[in-house]
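The block underneath contains the structure these notes are about, expressed in structure tokens.
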Amino acid sequence: QVQLVESGGGLVQPGGSLRLSCAASGSIIRVNAMGWYRQAPGKERELVATITSGGRTTYAQSVKGRFTISRDNAKNTVYLQMNSLKPEDTAVYYCNADIIVLYSAHEYAYWGQGTQVTVSS
């Protein structure tokens, strides 16, 4: 089986920074695209940023210039560096990865358990 384990959330003041990490482990053959999503109370889950195995990135307009997604393919880990945080960035952040697992020719989407990010003074 495959697990995505996130870390790095917490409480930060407006203008501050946090770095989220998400490590994939288990019977993995290949990790393709990875990404971060977030869900604020009363709102739908939304895309924050994605990165392909080759390093191509996409960002939501609301985080461009403030957040940076990166990955370490050797560690099957994706990161989200969040700078200049705003109260509206408060949400549960979820890691997502498209993974080909052992004994399968198909790619499946996996999700982490979520990590809370709260931006408040």
Side-chain angles (χ1 to χ4, degrees):
Q1 298 300 325
V2 172
Q3 284 189 318
L4 298 183
V5 179
E6 300 146 344
S7 60
L11 173 65
V12 64
Q13 292 186 341
S17 297
L18 282 175
R19 189 191 194 211
L20 306 182
S21 300
C22 172
S25 63
S27 303
I28 296 170
I29 296 298
R30 178 180 173 85
V31 180
N32 291 326
M34 303 184 83
W36 291 94
Y37 292 71
R38 67 186 181 186
Q39 188 167 18
K43 295 187 176 181
E44 293 187 353
R45 189 173 298 188
E46 64 175 1
L47 173 70
V48 177
T50 65
I51 185 167
T52 67
S53 57
R56 188 172 68 249
T57 59
T58 61
Y59 294 93
Q61 189 64 37
S62 59
V63 307
K64 277 184 179 178
R66 299 188 298 121
F67 291 10
T68 301
I69 189 170
S70 61
R71 64 189 286 171
D72 184 333
N73 289 334
K75 296 180 180 179
N76 290 332
T77 299
V78 63
Y79 306 96
L80 186 68
Q81 178 67 43
M82 304 184 293
N83 299 328
S84 303
L85 282 160
K86 305 176 181 180
E88 51 263 42
D89 294 318
T90 296
V92 178
Y93 283 71
Y94 296 91
C95 171
N96 169 266
D98 295 329
I99 299 174
I100 299 175
V101 300
L102 189 63
Y103 304 127
S104 175
H106 301 287
E107 177 185 273
Y108 296 94
Y110 291 87
W111 292 88
Q113 79 283 0
T115 185
Q116 177 70 47
V117 171
T118 302
V119 185
S120 175
S121 55

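These numbers were taken from a predicted model, which means no experiment stands behind them.
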**OP:** Work out which heavy atom in Ser121 is nearest to a heavy atom in Pro14; give both atom names and the distance.
**Re:** N-CD, 3.7 Å
Original post:
Going through the distances and angles, do Val101 and Tyr110 end up as a side chain to side chain contact (heavy atoms under 4.5 Å, CB included)?
Top reply: CA-CA 11 Å; Val101 300; Tyr110 291 87; 3.4 Å; yes
**OP:** Name all residues meeting the ring-ring contact (aromatic ring centres under 6.0 Å, His included) criterion together with Tyr37; count only those two or more places apart in sequence or in a different chain, and write none if there are none.
**Re:** Trp111
Subject >> Euclidean distance, Glu44 CD relative to Gln39 CD, rounded to 0.5 Å >> reply: 8.0 Å
Subject >> Side-chain heavy atoms of Ile99 within contact of Tyr108, under 4.5 Å >> reply: no
**OP:** May I ask you to decide if Tyr93's main-chain N or O and Thr115's side chain share a donor-acceptor pair within less than 3.5 Å?
**Re:** no
Original post:
Does one side chain, of Asn83 or Ser17, offer a donor that lies under 3.5 Å from an acceptor on the other?
Top reply: yes
Original post:
Hey, are the side chains of Tyr103 and Ser27 touching, using non-hydrogen atoms and a 4.5 Å cut-off?
Top reply: no
**OP:** With the side chain counted from C-beta on, respond yes when Asp89 and Arg38 share a heavy-atom pair under 4.5 Å apart, and no when they do not.
**Re:** yes
Subject >> Side chain proximity check, Phe67 to Leu85, heavy atoms < 4.5 angstrom >> reply: yes
Original post:
Same cluster or not: are Val78 and Tyr59 linked, directly or through other Ile, Leu, Val, Met, Phe, Trp or Tyr residues, by side-chain heavy atoms under 4.5 angstrom apart?
Top reply: yes
Original post:
Does CD belonging to Glu88 count more than 12 external heavy atoms closer than 6.0 Å?
Top reply: yes
Subject >> Approximate separation, where rounding is to 0.5 Å, of Gln81 CD and Ser21 OG >> reply: 9.5 Å
**OP:** Spell out, as yes or no, whether a donor-acceptor pair under 3.5 Å connects the side chain of Glu6 to the backbone of Gly114.
**Re:** yes
Original post:
Do Gln116 and Thr90 come within less than 4.5 Å of each other through their side chains, counting heavy atoms only?
Top reply: yes
Original post:
Is a donor on one side and an acceptor on the other found under 3.5 Å between the side chain of Arg66 and the backbone of Ser84?
Top reply: yes
Original post:
Any side-chain heavy-atom pair from Val31 and Arg71 closer than 4.5 angstrom?
Top reply: yes
**OP:** Using the side chain to side chain contact (heavy atoms under 4.5 Å, CB included) rule, take Asn76 and Ser25 through it: C-alpha gap first, then chi angles, then the decisive distance, then the call.
**Re:** CA-CA 7 Å; Asn76 290 332; Ser25 63; over 6 Å; no
Original post:
For the residue pair Ala24 and Leu4, what are the closest heavy atoms and their distance?
Top reply: CB-CD2, 3.2 Å
**OP:** May I ask whether Trp36 and Val5 are part of the same hydrophobic cluster, defined by side-chain heavy atoms of I, L, V, M, F, W, Y residues being less than 4.5 angstrom apart, directly or through others?
**Re:** no
Subject >> Note, Thr68 side chain near Tyr79 side chain (heavy atom, < 4.5 Å) >> reply: no
Original post:
Below 4.5 Å, heavy atoms only, C-beta onward: do Tyr94 and Asn96 meet side chain to side chain?
Top reply: no
